[in-house]
Amino acid sequence: MSAPEIFLKPYNPKEQEAEVLALWEKSDYTNPDTCVKRGVTKPDAEAYSIVLPPPNVTGVLHMGSALMVVIEDILIRTARMQGKRTLWLPGLDSAAIATQAKVETDIYKKEKKTRHDLGREELLKRITQFTDESKATIINQLKRMGASLDWSRYAYTIDEARSAAVAEAFVRMYEAGLIYRGDRIVNWDPKGQTTISDDEIVYEERRAKLYTFKYAKDFPIAISTTRPETKVGDTAVAVHPNDERYAQFVGKEYDIVFCDVPIHIKIVADESVEKDFGTGALGVTPAHSITDWEIADRHNLPRPQVINEYAKMTVEGRLKDLKTKDAREAVAAWLKEEKLLEKEEDVPQNISTAERTGGIVEPLPKRQWFVNVNVKFKNQKSKLGNVKPGQEVTLKELMRTAVESGAIKIIPERFEKNYYHWIDNLRDWCISRQIWFGHRIPAWHHEQKCIPKQGRESDVGKCIPLVVRVEKPICQFCDAEYEQDPDVLDTWFSSGLWTFSTLGWPQETSDIKTYHPTSVLETGYDIIFFWVARMILMSGFLVGQVPFRKVLLHGIVRDGQGRKISKSLGNNIDPLDMGEKYGMDAVRMSLIAGMAPGTDSKISEEKVRGYKHFANKIWNITRFVLENANGRGDNAEITRKEDRALIAEAETIAKQVSQHIDTFRLDLAADAIYHFVWHRFADEIIEESKSILKGGGEVADSRRSTLYSLLSTCLKLLHPFMPFVTEAIWKELPHKDAELLMIARWPRYTE
RNA sequence: GGGCGGUUAGCUCAGUGGUAGAGCAAUCGCUUUACACGCGAAAGGUCACAGGUUCGAAUCCUGUACCGCCCACCA
């Protein structure tokens, strides 16, 4: 008996992977409809679905996304083999701010032009050009990882269907009173010239000077600040209500000229003031500090803006047009000159910077669009968590109950606490962005003078200046077209719709009925708040369902010593390069091994090499089995008690692997099958078989069948983890229960 | 300031009440006809520290130290 010739040489991943990829692609079994059509999946089989967290369209696949792909592919391949109606839906993300910033930088480098030189339309054309070119790269890389995604359902975050869903979602939320336009203090990024959400801020520790001074010689209270330039915008000094030192001044008002600027200061008492910090008195600058804005709310104070979008002073006098940093020094100098400065100390300070651009965030009052997370609306749909149909609920409560009720499980569980904490501290979500690339807000303005056409003069003044709807309105009095709001939406607004916008919402498609809620959302723990919480919010309100039943979180990928991957360390390991060198199966195993949910994964070239050896081991096991068992197949009867025991042993391994996958311990599952294949099957069972086979007769026949059967079971159990080498072997097997291993039946085991 | 996680063999990590485990590395031996991308053997740990509960603790409780992460932020 002889094995096919390819087994005479060590496993060659490069050769085999290309061949296997072609087989998969041709089969179209990643599409669940095809599986049903060809009888692989029963039409009424339980559905199992995951939407791929869309990688950035302009990106390349790094280890982080590779880890995500591997985890999800293991879950998907297992489910498919278990006979479930399995859908893994791919998509790419336009990554609005990041992509626009990248294209703008490129254009400026090459042509010395800004977006304003090009204009909105031209810039968008350039961005589309850029994304079209780069999207092939990432799609190709996903395929090479072995990701069994259904490309027939591919979605792009700003394609037509998704844009329609976003507009529809916005309108529905607006009509329910969940979206409003308001003047509020927002995080303004002067570098990116846009607002950003609280979650897009990163804190950087810097040294700062804390100045303690009085506004004027005859002002009774000294205050402390690291930003004296903002004090020209002060309208109050706040002290703690119980602070006896200042009680006598509360309610008094003062007119002062501060650094050439006339200001009017009222002394107010407010609980938010710390008695023990600085002088115990806080200069209130409503327009340029979030906490101060809230104090102004409570005491009905005016809120003059003194800094503009370019972080320059807008007041008259010596500070006019100065940048905030220069103005700070100018004010400090003036304070010294006027002998108002009492103290100047060095303090460490966390300053807010914009995650994307690194710009120092300037809190500014601006008219923006917000999602109101605290207003009640009536839950129209079915039961959501503990909220019954018809019951009034806020978005905040909705997000909380989804997890609290157990409708959604977060794995590992400890992240649930983080989730609640985030919700409890959630403020209204600013969703408008002043960039050009993204989903336009479906709000329409007709704020210029409306001159009614002849015969409609009686309607002067009746036209509506702001309309929120999907299609562009035309004024029914003057026939003028409305102008669309220039802002675009926060990228997480559309991402929040992802589980159902990809399935065809707002149409009531059969895909939505079959695959929503999705089974699992698998993503990095770093975006649980950005994304996971918003998906729960959107799906709850718009679809009346949770978006997924389980949230599986993974960590970041580190190098072999546990260090972060960084350019300066030069420790980057490219998953595709590694795959090229050692085979993609080895890369996949390396990412999974030793990684519990929610913890970081470690990868090193040595680790990858180790699993390449494992792939070769399987290859050679197959060679031995085929050389000895070819021709018998797995149909021959297994007669010996010892052999039945071996089969039963494999069954318990199948059980272990299955259970570990069920509980998302992919590391333990991989370890269990690895250990069985190498150290039990190869080292012991095959070794002892050599003499048994030599003996011949019925005993040998039984063992031959057993070996073949064990091999078949091992290949199935290994397939989700190492799809390439197992499929490559499968196609050489003489007897098998499915044309492709990817749709073979998962080994049975008793519970 | 609040919260969370970690600390087990040289390295990376499993193990969550009953005589300490894996992979990799390091050591020794092996032309053993599936595989040197291999096989066999041996070696390696007072499970961070202190106290407590228990017949029994790496495992449960309390505290301490160090490392890491997240959130908030004092103007």
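Note on naming: letters A, B, ... go to the chains in the order of the sequence lines (proteins, then strands), and numbering restarts at 1 for each one.
- For Phe277(A), the listed nucleotide lying nearest its side chain is A75(B); candidates were A75(B), A34(B), C39(B).
- Of all nucleotides listed (C37(B), A34(B), C74(B)), C37(B) comes nearest to the side chain of Lys612(A).
- Taking atom OH on Tyr419(A) and atom C1' on C70(B), their separation rounds to 17 Å, with Å as the unit.
- Between Glu274(A) and Tyr11(A), it is Tyr11(A) whose nearest contact on RNA chain B lies nearer the 5' terminus.
- Atom P of G15(B) sits at a distance of 28 Å from the matching atom of G52(B), rounded to the whole Å.
- Closest to the side chain of Glu687(A), out of A72(B), A34(B), A75(B), is A34(B).
- One P atom belongs to U46(B), the other to A25(B), and the distance between them is 24 Å to the nearest Å.
- Using a 4.5 Å cut-off on side-chain heavy atoms (C-beta onward), Leu733(A) and Leu715(A) make contact.
- Using modelled atom types, one finds a donor on one side chain and an acceptor on the other under 3.5 Å when comparing His421(A) with Asn425(A).
- For Asn350(A) and C73(B), a side-chain-to-base donor-acceptor distance below 3.5 Å is present, hydrogens and geometry of angles not being considered.
- Across all strands shown, C39(B) is found opposite G29(B) as a Watson-Crick or G-U wobble partner, with both distances under 3.5 Å.
- Residue Ile290(A) contributes atom CD1, which lies 15 Å from atom C1' of C74(B) at whole-angstrom precision.
- Nucleotide A48(B) forms a pair with U64(B), judged by Watson-Crick or G-U wobble geometry with both contacts under 3.5 Å.
- Using atom C1' as the reference point in both U16(B) and G5(B), the two lie 16 Å apart (nearest Å).
- Taking the six-membered ring wherever Trp is involved, the centroid distance between the rings of Phe219(A) and Tyr254(A) falls below 6.0 Å.
- Of the residues in residues 663-678 of chain A, those placing a heavy atom less than 4.0 Å from an atom of RNA chain B are Arg665(A), Leu668(A), Tyr674(A), Trp678(A), in numerical order.
- Between U31(B) and G38(B), the two C1' atoms lie 12 Å apart (nearest whole Å).
- Checking A9(B) for Watson-Crick or G-U wobble geometry (two distances, each under 3.5 Å) identifies no partner in any strand.
- With C1' as the reference atom, C69(B) and C28(B) are 44 Å apart, rounded to whole Å.
- In summary, the aromatic rings of Tyr674(A) and Phe721(A) are positioned with their centroids too far apart to meet the 6.0 Å limit.
- One interatomic measurement links the two molecules: CD of Glu605(A) to P of U12(B), which rounds to 18 Å at whole-angstrom precision.
- Counting to the nearest Å, the P atom of C35(B) and the CZ atom of Phe624(A) are 10 Å from each other.
- With C1' as the reference atom, C49(B) and C39(B) are 43 Å apart, rounded to whole Å.
- Donor-acceptor pairing under 3.5 Å is lacking for the side chains of Thr212(A) and Glu342(A).
- Using a 3.5 Å distance cut-off with no hydrogens or angles, the side chains of Trp429(A) and Asp198(A) do not pair a donor with an acceptor.
- Distances shown here put a side-chain N or O of Gln349(A) below 4.0 Å from the OP1 or OP2 atom of A75(B).
- Counting only heavy atoms from C-beta on, His679(A) has its side chain closest to G23(B) among G23(B), C35(B), A34(B).
- Comparing atom distances between the Asn620(A) side chain and each of C74(B), A34(B), C4(B) picks out A34(B) as nearest.
- A 3.5 Å limit on both hydrogen-bonding distances identifies no Watson-Crick or G-U partner for U16(B).
- U7(B) and A48(B) have their C1' atoms separated by 6 Å, with the value rounded to a whole Å.
- Searching all strands for a Watson-Crick or G-U wobble partner of A72(B) with both distances below 3.5 Å returns nothing.
- With rounding to whole Å, Leu426(A) atom CG is found 11 Å from A72(B) atom P.
- Between the side chains of Glu522(A) and His554(A), at least one donor-acceptor pair of N or O atoms lies under 3.5 Å.
- Asn187(A) places none of its side-chain heavy atoms less than 4.5 Å from the side chain of Pro363(A).
- For Trp619(A) (side chain) and Lys9(A) (main-chain N/O), a donor-acceptor pair under 3.5 Å exists by modelled atom type.
- Among the protein residues, Ala682(A) comes within range of the nucleic acid bases, having at least one heavy atom under 4.0 Å from a base atom.
- As judged by a 4.0 angstrom heavy-atom cut-off over every strand, Ser289(A) is placed among residues making no nucleic acid contact.
- OP1 or OP2 of A34(B) sits under 4.0 Å from a side-chain N or O of Lys690(A).
- For G2(B), neither phosphate oxygen OP1 nor OP2 lies less than 4.0 angstrom from any side-chain nitrogen or oxygen of His421(A).
- Side-chain atoms of Lys617(A) and base atoms of C35(B) include a donor and an acceptor less than 3.5 Å apart.
- Within 4.0 Å of Tyr203(A), counting heavy atoms only, lies at least one base atom of the nucleic acid.
- The partner of U53(B), taking Watson-Crick or G-U wobble pairs whose two distances both stay under 3.5 Å, does not exist in any strand shown.
- Look at CD1 on Ile423(A): it is 20 Å from P on C70(B), rounded to the nearest Å.
- In the displayed structure, Lys275(A) atom NZ is contacted under 6.0 Å by more than 12 heavy atoms of other residues, nucleotides or ligands.
- The nearest whole Å value for the distance from the CG atom in Asn616(A) to the P atom in C39(B) is 11 Å.
- Separating the CZ atom of Arg609(A) from the C1' atom of U12(B) is a distance of 16 Å, rounded to the nearest angstrom.
- Val273(A) comes within 4.0 angstrom of a base, heavy atoms only.
- Relative to the side chain of Glu627(A), the nucleotides C74(B), C70(B), A34(B) differ in distance, and A34(B) lies closest.
- Nucleotides U12(B) and C37(B) are separated by 27 Å at their P atoms, to the nearest Å.
- Two residues are said to be in side-chain contact when any heavy atoms from C-beta on lie closer than 4.5 Å; Arg227(A) and Thr230(A) meet this criterion.
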